[in-house]
Amino acid sequence: MSGHRIFSTSVASVYPLYITKAERKGRTKAEVDEIFRWLTGHDQASLEAELANQTTFEDFFANAPKLNPNRNLITGVVCGIRVENIEDPLMQEIRYLDKLVDELAKGKKMEKILRTPTH
């Protein structure tokens with residue numbers, strides 16, 4: 001598969017940037033990990049194993065235990081592009097992750113970030 005170079009980039013190489021972005025705004029690594037787990041269905045051990053294995057974004061999403069069915073509720077702009085309009089499925093998954101971390105850094109409550117339905 002040819003595609004954007006982010007596809008063949010290891011998640012572990014970008015992960016510290018997500019943590020730094022969140023921590024700069026007073027959020028935590030645990031909250032970033034919760035976002036990763038919510039989006040992909042990983043538990044903490046399998047998430048850490050993927051990071052340790054230097055798994056690429058392409059393989060990370062292709063082999064995710066269970067992509068969250070509510071991820072299609074993620075809307076908004078990342079890098080000037082509306083995430084809901086991204087045609088490449090893998091790029092859309094990556095941008096979903098970016099958008100969730102952006103929302104965390106902007107101070108949104110976890111219930112809103114994780115699209116928890118309100119009854």
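Basis for what follows: all heavy atoms, side chains included, without hydrogens, waters or symmetry-related copies. FYI, the numbering just counts along the sequence from 1.
- Between the side chain of R24 and the backbone N or O of K21, no donor-acceptor pair lies under 3.5 Å.
- E48 contributes no side-chain N or O that, together with a main-chain N or O of A45, makes up a donor-acceptor pair within less than 3.5 Å.
- Between E103 and T75, the shortest heavy-atom distance links the atoms OE2-O, 4.4 Å.
- Hydrophobic clustering of Ile, Leu, Val, Met, Phe, Trp and Tyr side chains at less than 4.5 Å, counting indirect connections, keeps V77 apart from M91.
- Atom CG in N63 sits 11.5 Å away from atom OG in S46 (nearest 0.5 Å).
- The side-chain heavy atoms of E58 and L90, taken from C-beta on, include a pair separated by under 4.5 Å.
- Taking 4.5 Å as the limit, some side-chain heavy atom of L100 sits within range of a side-chain heavy atom of W38.
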- Determine, stepwise, if the pair L114 / E34 fulfils side chain to side chain contact (heavy atoms under 4.5 Å, CB included). CA-CA 9 Å; L114 302 184; E34 185 176 352; 3.3 Å; yes

- Item | side chain to side chain contact (heavy atoms under 4.5 Å, CB included) assessment of F60 paired with I94 | CA-CA 10 Å; F60 183 74; I94 294 167; over 6 Å; no

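- Nearest heavy atom pair, residue D33 against residue Q44, reads OD2-NE2, 2.8 Å.
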- Can you check side chain to side chain contact (heavy atoms under 4.5 Å, CB included) on I81 and R95, steps first, answer last? CA-CA 9 Å; I81 299 169; R95 293 305 187 197; 5.9 Å; no

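- Residues S10 and Q54 approach most closely at OG-OE1, 3.1 Å, considering heavy atoms.
- Note on ring orientation: taking the six-membered ring where Trp is involved, the planes of Y15 and F36 are perpendicular (angle over 60°, cut-offs 30° and 60°).
- A distance of 4.5 Å separates CG of L104 from CD1 of I35, quoted to the nearest 0.5 Å.
- Counting only N and O atoms by type, the side chains of E50 and T55 include a donor and acceptor under 3.5 Å apart.
- From R5, atom CZ reaches atom OG1 of T56 across 15.0 Å, with rounding to the nearest 0.5 Å.
- Residue-environment remark: NZ (K25) stays at or below the threshold of 12 foreign heavy atoms within 6.0 Å.
- For the pair L51/V11, a side-chain contact is recorded, criterion being any heavy-atom separation below 4.5 Å from C-beta on.
- Between K106 and D102 there is no salt bridge, since none of the side-chain N atoms of the basic residue sits less than 4.0 Å from a carboxylate O of the acidic one.
- Here the closest non-hydrogen pair linking I74 and R115 is CA-NH2, 3.4 Å.
- If you check the side chains of Y18 and D98, you find a donor sitting under 3.5 Å from an acceptor.
- Here the shortest heavy-atom pairing between Q92 and V83 reads NE2-O, 2.9 Å.
- Looking only at side-chain heavy atoms (C-beta outward), R27 and V32 stay at 4.5 Å or farther from each other.
- At least one donor-acceptor pair under 3.5 Å links the side chain of E84 to the backbone N or O of G76.
- L73 has its side chain out of reach of Y96: every pair of non-hydrogen atoms, C-beta onward, lies at least 4.5 Å apart.
- A distance of 12.5 Å separates CG in L39 from CZ in R37, rounded to the nearest 0.5 Å.
- S13 approaches T9 most closely through the heavy-atom pair OG-CG2, 3.2 Å.
- Taking the six-membered ring where tryptophan is involved, the planes of H4 and F7 are tilted, since the angle between them lies from 30° to 60°.
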